[in-house]
There are 2 protein chains.
Amino acid sequence: MNIGDVSSRSGLPAKTIRYYEDIGLIKPHRSANGYRCFAETDLHKLAFLGRARALGFTIEDCRTLMALYEDESRASADVKQLAQEHLAKIEEKIADLQAMHETLGELVNCCAGDSRPDCPILKDLSGEG
Amino acid sequence: MNIGDVSSRSGLPAKTIRYYEDIGLIKPHRSANGYRCFAETDLHKLAFLGRARALGFTIEDCRTLMALYEDESRASADVKQLAQEHLAKIEEKIADLQAMHETLGELVNCCAGDSRPDCPILKDLSGEG
DNA sequence: CTTGACCTTCCCCTCGCTGGAACCCTCATA
DNA sequence: TATGAGGGTTCCAGCGAGGGGAAGGTCAAG
């Protein structure tokens with residue numbers, strides 16, 4: 001398979017696939033003309049990476065997850081720990097965003113949103129609040 | 001005031017303050033020795049920026065907000081619209097993160113987390129789910 | 001033979017800083 | 001008077017995870 005084929009089959013942009021090769025996540029062979037030549041296993045890895053990335057894992061986490069996946073003597077505890085740490089980071093981000101949302105939401109609710117200049121949002125930002 | 005003073009009084013790192021000057025958010029004067037020389041108004045702007053950034057506004061949003069703040073004939077509707085758009089982006093991010101959290105949370109719950117290799121997390125990532 | 005779709009490498013851009021190198025300024029102390 | 005500490009200055013590189021686009025090679029169809 002050429003890169004366009006794996007791109008459409010994995011849903012990942014060709015640029016991303018080249019990047020993943022660049023950083024050593026996949027190692028496709030090369031055809032005589034210099035084109036990357038992907039096997040089914042490469043496609044499988046790319047799909048794996050795409051799903052892991054969609055769950056928000058970092059590239060380095062993905063590297064670890066792939067290594068665990070390929071290690072048949074892995075302990076599921078290692079996978080679970082990685083996932084739990086990631087889950088904790090997600091929770092932290094959600095909490096941060098929710099705090100922002102709450103503060104900003106209140107300010108927005110207090111703002112008349114008309115043609116007058118008086119604005120509680122700017123008032124708060126300026127420290128007059 | 002030198003940069004160290006505004007840094008400690010605004011809570012922003014000196015690097016960040018230099019960066020904000022670089023991109024034209026503030027324009028401190030210079031002393032004879034070449035040092036940046038900050039007035040109270042600069043400090044006030046930096047505090048404004050710090051609060052806007054803490055609410056998750058992008059630098060470009062901050063630039064617009066500062067312009068609105070300094071424009072005495074602004075309409076609060078313009079501020080409110082910007083804030084509402086930002087609020088919508090925050091909500092989108094929260095929703096994305098919550099979706100990740102839900103999926104990953106279920107997988108984590110299904111994973112024994114022991115010394116055996118069998119792992120529903122990896123199974124899902126590999127597409128066997 | 002040419003066209004168009006595909007592939008290659010290469011380098012710069014994103015965003016919001018952060019770290020570090022190399023150097024200048026000022027003040028206090030030995 | 002040297003010197004050292006603790007400011008300040010500039011510029012360059014890098015982070016994560018790719019994206020955009022140029023310049024050029026390859027291949028199948030018409």
Side-chain angles (χ1 to χ4, degrees), chain A residues 1-38 42-43 45-46 48-66 85-86 89-90 92-93 96-97 100, chain B residues 1-39 42-43 45-46 48-66 86 89-90 92-93 96-97 100:
Chain A
M1 275 180 288
N2 283 345
I3 200 167
D5 305 320
V6 278
S7 173
S8 57
R9 288 182 62 187
S10 69
L12 296 175
K15 279 271 185 188
T16 298
I17 297 171
R18 291 196 193 98
Y19 174 66
Y20 286 175
E21 181 188 18
D22 221 47
I23 61 175
L25 283 177
I26 52 166
K27 299 192 192 339
H29 292 115
R30 296 288 177 139
S31 305
N33 59 12
Y35 287 16
R36 285 172 187 79
C37 176
F38 296 84
D42 295 315
L43 178 58
K45 283 188 186 183
L46 287 170
F48 183 101
L49 291 169
R51 278 185 288 262
R53 292 286 301 130
L55 285 178
F57 285 104
T58 66
I59 290 283
E60 285 316 302
D61 282 349
C62 290
R63 199 188 297 276
T64 305
L65 286 168
M66 286 242 310
E85 285 167 8
H86 179 44
K89 282 179 204 148
I90 291 176
E92 203 180 319
K93 282 186 194 168
D96 288 352
L97 287 169
M100 286 181 196
Chain B
M1 274 181 288
N2 282 347
I3 199 166
D5 304 321
V6 277
S7 172
S8 58
R9 287 182 62 187
S10 69
L12 297 174
K15 280 271 185 187
T16 298
I17 297 171
R18 291 196 193 98
Y19 174 65
Y20 287 174
E21 180 188 19
D22 221 49
I23 61 176
L25 283 178
I26 51 167
K27 299 192 192 342
H29 291 114
R30 296 288 177 139
S31 305
N33 59 11
Y35 287 15
R36 286 170 187 81
C37 176
F38 296 84
D42 296 314
L43 179 57
K45 282 189 187 182
L46 287 170
F48 183 102
L49 291 168
R51 278 184 288 262
R53 292 286 301 129
L55 284 178
F57 285 104
T58 67
I59 288 284
E60 286 316 302
D61 283 349
C62 290
R63 198 188 299 277
T64 305
L65 286 169
M66 285 243 310
H86 179 44
K89 281 179 205 150
I90 291 176
E92 203 180 319
K93 281 185 195 170
D96 288 352
L97 286 169
M100 284 181 196

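All heavy atoms count here, side chains included; hydrogens, waters and symmetry mates do not. In what follows, chains are A, B, ... by sequence order, proteins preceding strands, each numbered from 1.
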dG8(D) phosphate, OP1 or OP2: any side-chain N/O from Arg18(B) under 4.0 angstrom?
-> no
Below 4.0 Å: OP1/OP2 of dA17(D) and any side-chain N or O of Arg63(A) = no
Are OP1 or OP2 of dA17(D) and a side-chain N or O of Thr16(A) less than 4.0 angstrom apart?
-> no
At under 4.0 Å, does any side-chain N or O of Tyr20(A) touch on OP1 or OP2 of dA17(D)?
-> no
Tell me: CG of Asn2(A) to P of dG25(D), nearest whole Å?
-> 18 Å
Find the distance between CD1 (Ile59(B)) and OH (Tyr20(B)) and round it off to the nearest 0.5 Å.
-> 4.0 Å
Report yes if a donor N or O on one partner sits less than 3.5 Å from an acceptor N or O on the other, where the partners are the side chain of Lys15(B) and the base of dG20(C); otherwise report no.
-> yes
Between CD1 of Ile26(A) and C1' of dG18(D) the distance, given in whole Å, is 14 Å
Using modelled atom types only, decide if a donor and an acceptor are shared between the side chain of His86(A) and the backbone of Leu55(A) within a distance under 3.5 Å.
-> yes
So, is Arg36(B) near the phosphate of dT9(D), with a side-chain N or O under 4.0 Å from OP1 or OP2?
-> yes
What is the distance from CD1 of Ile17(A) to P of dC6(C), rounded to the nearest Å?
-> 14 Å
Quick one: Ile3(A) CD1 to dC7(C) C1', roughly how many Å, whole number?
-> 8 Å
If you find the nucleotide of DNA chain D closest to Gly4(B) and the one closest to Tyr35(A), which residue's nucleotide is nearer the 5' end?
-> Gly4(B)
Please state whether the phosphate of dC15(C), meaning OP1 or OP2, lies under 4.0 angstrom from any side-chain nitrogen or oxygen of Thr58(B).
-> no
Determine: side-chain N/O of Asn33(A) to OP1/OP2 of dG25(D), distance under 4.0 Å, yes or no.
-> no
Main-chain N/O of Ile3(B) paired with Ser7(B) side-chain donor or acceptor, under 3.5 Å | no
Whole-Å distance between dA17(D) P and Ile59(A) CD1?
-> 5 Å
To the nearest Å, how far apart are Ile23(B) CD1 and dC13(C) P?
-> 17 Å
Establish whether the base of dG19(D) is bridged to the side chain of Tyr19(A) by a donor-acceptor pair shorter than 3.5 Å.
-> no
Between CG of Leu12(A) and C1' of dG18(D) the distance, given in whole Å, is 11 Å
For Asp5(A) and dA5(C), what is the distance between atoms CG and P respectively, to the nearest whole Å?
-> 16 Å
Just one of Lys45(A), Arg36(A), Lys27(A), Lys15(A) clears the salt bridge (charged side-chain N to carboxylate O under 4.0 Å, His left out) bar with Glu21(A), so which one?
-> Arg36(A)
Tell me whether the OP1 or OP2 atom of dC15(C) has a side-chain N or O from Arg53(B) closer than 4.0 Å.
-> no
Decide yes or no for Phe57(B) and Thr64(B): does some side-chain heavy atom of the first lie under 4.5 Å from some side-chain heavy atom of the second?
-> no
